Each structure stands twice: as structure tokens, then as C-alpha cells.
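Only one structure is covered here, and it is reproduced in the block below.
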There are 2 protein chains.
Amino acid sequence: MNIGQAAQFSGLPSKTIRYYESIDLVVPDRAGNGYRDYSEKDVHQLSFVQRARSLGFSIEECRLLLSLYRDDQRASADVKRLALNKIDEIERKILELQSLKTTLSKLAKHCQGNNKPDCPIIDDLAGSTITSN
Amino acid sequence: MNIGQAAQFSGLPSKTIRYYESIDLVVPDRAGNGYRDYSEKDVHQLSFVQRARSLGFSIEECRLLLSLYRDDQRASADVKRLALNKIDEIERKILELQSLKTTLSKLAKHCQGNNKPDCPIIDDLAGSTITSN
DNA sequence: GTATTTGTTCCAGTTACTAGAAGGTCAAGG
DNA sequence: CCTTGACCTTCTAGTAACTGGAACAAATAC
């Protein structure tokens with residue numbers, strides 16, 4: 001099938017699918033007219049990547065996952081390790097964001113938000129310290 | 001002072017400071033020998049940006065915050081609005097990450113992680129559905 | 001007087017696409 | 001047969017926010 005169909009089935013924009021080919025992630029055959037010709041297998045792999053990306057895996061991780069996907073003999077431990085690492089990574093990001101949020105909320109709470117120039121947020125950014133919470 | 005000193009005081013790498021100049025964020029004077037010459041005010045602004053970046057503000061937001069910082073007549077409401085928007089943004093990211101984590105944890109829990117090829121994580125990525133939690 | 005550090009510029013690479021231009025192909029309608 | 005429009009092709013460049021490295025100049029240390 002053509003790239004447009006592959007795009008519909010996989011849920012990825014054609015542009016992205018072409019990009020994935022350019023980095024050798026999923027490479028289709030070519031039809032006689034030069035058009036990309038996606039097999040069902042190709043489309044499955046595109047969907048696979050789409051899902052993995054939406055779960056936060058990087059392209060390089062997707063490449064690895066794809067090779068495991070293609071390998072009937074893979075050990076599930078290999079895949080599980082990737083998943084667990086990703087979970088750790090996500091947890092770290094969450095903690096970081098929560099700490100950002102706490103700090104910003106504290107600053108915003110102290111800011112009157114009126115039309116006067118006095119602003120604790122700017123003061124904090126400028127290096128002053130906030131005394132109470 | 002030279003860029004190295006400015007880097008120490010602001011906590012930013014020299015490379016980054018040069019980059020900030022290249023995008024007209026903080027532009028120092030030049031000394032006779034062509035070296036960048038940072039004033040205290042410049043260094044304060046660099047520190048300001050460093051802190052704002054670490055709080056998750058984008059460069060363009062930093063540019064705006066800097067202009068508010070430089071403007072003695074700004075209204076604190078302007079700054080507060082930025083901060084509140086950023087808090088919302090952070091909250092959305094946290095929710096998204098938590099949902100990713102939940103999904104991945106669920107998948108990992110179902111994966112034995114042994115040397116057998118049977119792997120629910122791959123199955124899910126490939127489009128199969130998981131039935132229980 | 002040389003060696004080392006610190007500074008300069010400029011170019012390229014990173015991540016994962018996305019936009020747009022210029023042009024080829026194909027199916028349908030008149 | 002021709003045109004129209006949808007779809008396809010390639011290529012270049014832009015995004016965000018730096019980071020690394022090369023090649024060379026200036027300042028400092030011994």
C-alpha cells in the first residue's frame with residue numbers, strides 16, 4: 001500500500017513515516033513508479049513504533065525494541081529491563097517536575113498579582129530569598 | 001569581568017553564555033582586546049536566566065521575564081500570569097508522565113522477565129491487548 | 001621565552017520531527 | 001485527449017537549547 005494508507009493504519013503522519021525510513025527504522029519496498037510500498041508487516045512495525053514512542057521510548061530505544069520484536073528468540077528479560085529503566089526515568093522526571101511546581105507555586109502565592117511593580121517572583125529569580133512559605 | 005568569571009558567578013557554562021549572547025538574551029560590552037566584558041548587572045541577568053531556566057521557563061519566556069525584570073514599572077500581575085501558566089503546564093506534564101508510568105508498570109508486571117521469548121510488553125506494543133491489570 | 005590557560009570565531013551535531021518548494025503520477029470527469 | 005486534484009517524490013531548512021571541536025589569538029605563569 002501507499003504511504004497515505006500506511007499513515008492511516010499506523011496513526012503516524014506521512015512525513016514522520018518518511019523520516020523513519022530515512023533513519024532506517026522501517027524501510028518499505030518500492031513500487032514500479034517509485035512510490036513506497038508498505039506491507040502489512042511494515043504497517044505493524046510502524047504502529048509498534050507509534051505506540052512505543054507514545055509510551056516515552058526514544059527512537060533509539062524503539063530501534064532496539066523493534067529488533068527484539070523481530071527476533072522470535074528474544075528473552076523477555078531484555079524487554080523488561082528496558083521497560084523498568086524507562087519507568088525509573090519517568091519517575092525521576094515526575095519528581096523533578098513536582099519540585100518545580102512546588103517552588104513556582106510558593107512564589108506565585110506570595111505574589112499579589114496586581115498592577116504594582118513589587119513582585120516576589122522576579123525577586124526570587126533575581127536572587128533574593130523568600131523567607132516564609 | 002571575562003566570560004570565565006561570569007560563568008562561575010552565574011553557574012552557566014561559557015558556551016551557554018556565548019549562546020545567550022548570540023540570541024541577544026544577555027549582551028555584554030567588549031573590552032579592548034575583543035574579550036567579552038561582563039558587568040555585575042550582566043552577571044545578575046545571567047543568574048536570573050539560569051534560575052528561570054532551572055524552573056522550567058523556555059528561553060523565550062526568559063526573554064520576557066528579563067524584560068519585566070529590567071522594567072521597574074512592570075505590574076506583578078504580568079509575572080504572576082506567566083508563573084501560573086507554567087504551573088499548569090507542569091501539572092499537565094506530570095499527569096501525562098504518571099499515566100505513562102502506570103501503563104508501563106502494568107506491562108512490566110505481566111512480563112516474567114526470564115529467558116523465554118514470551119513477552120507481554122512486546123505483545124502490547126505490537127497491538128495485542130492486555131486483559132486484566 | 002615558552003607553556004598553559006583562557007579567550008575568540010565558526011561549523012557541525014544533537015532529538016524527532018515539521019514545513020515548504022518544486023515537481024512526478026494517477027484516477028476521474030468532460 | 002486534456003485537465004484537475006489528490007497523492008506521491010526529493011530536497012532543503014527550521015525548530016529548542018545547547019554542546020563539542022577545530023583553529024587561532026591573548027593573557028598569564030614560570
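Predicted, not measured: the structure shown is a model, and the values here were computed from it. A, B, ... follow the sequence lines: proteins, then strands. Residue 1 opens every chain.
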For atom [atom1] of [X] and atom [atom2] of [N], their distance in whole Å:
| X | N | atom1 | atom2 | value |
| --- | --- | --- | --- | --- |
| E61(B) | dA17(D) | CD | C1' | 13 Å |
| R18(A) | dA19(C) | CZ | P | 13 Å |
| Q8(A) | dC7(D) | CD | C1' | 12 Å |
| Q5(B) | dT6(C) | CD | P | 10 Å |
| F57(A) | dT15(C) | CZ | P | 17 Å |
| E60(B) | dG14(D) | CD | P | 16 Å |
| Q50(A) | dC17(C) | CD | C1' | 14 Å |
| I17(A) | dT10(D) | CD1 | P | 14 Å |

Review point. Do S14(A) side-chain atoms and A7(A) backbone N/O form a donor-acceptor pair below 3.5 Å?
Key: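 Absent.
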
Review point. Looking only at atom types and distance, does a side-chain atom of D71(B) sit under 3.5 Å from a main-chain N or O of L68(B), one as donor and one as acceptor?
Key: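 Pair absent, no side-chain N/O of D71(B) close to backbone of L68(B).
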
Practice item. Using the side-chain contact (heavy atoms from CB on, under 4.5 Å) rule, take I90(B) and L104(A) through it: C-alpha gap first, then chi angles, then the decisive distance, then the call. Key: CA-CA 10 Å; I90(B) 290 172; L104(A) 273 178; 3.8 Å; yes

Study note, to complete from the structure: CG (D88(B)) and NZ (K101(A)) are apart, to the nearest 0.5 Å, by 9.5 Å

Point to revise | Between CD1 on residue I87(A) and NZ on residue K80(A), distance to nearest 0.5 Å | key: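 Output value for this atom pair is 9.0 Å.
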
Review point. When you check the phosphate oxygens OP1 and OP2 of dT10(D), does a side-chain N or O of R30(A) lie under 4.0 Å from one of them?
Key: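 Affirmative; the distance criterion is met.
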
Point to revise | Side-chain N,O (R36(A)) to OP1/OP2 (dC8(D)) below 4.0 Å | key: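 The answer is no; no side-chain N or O of R36(A) sits under 4.0 Å from OP1 or OP2.
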
Check your understanding: Reckon S14(A) touches a base, only the sugar-phosphate, or nothing at all at heavy-atom distances under 4.0 Å?
Key ->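 No contact.
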
Check your understanding: Contact class for I3(A) vs. all strands (heavy atom < 4.0 Å): base, sugar-phosphate, or nothing?
Key ->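 Here I3(A) touches the backbone only, sparing every base.
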
Check your understanding: Looking at side-chain heavy atoms only, is the closest gap between Y69(A) and H44(A) below 4.5 Å?
Key ->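 With C-beta onward as the side chain, the pair touches.
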
Review point. Can you give one letter per nucleotide of nucleotides 18-30 of chain D, going 5' to 3': B for a protein heavy atom under 4.0 Å from the base, S for sugar-phosphate only, - for none?
Key: BSBB----BS---

Review point. Which is it for Y20(B) and V27(B) under the side-chain contact (heavy atoms from CB on, under 4.5 Å) test, yes or no, and what are the steps along the way?
Key: CA-CA 8 Å; Y20(B) 286 168; V27(B) 179; over 6 Å; no

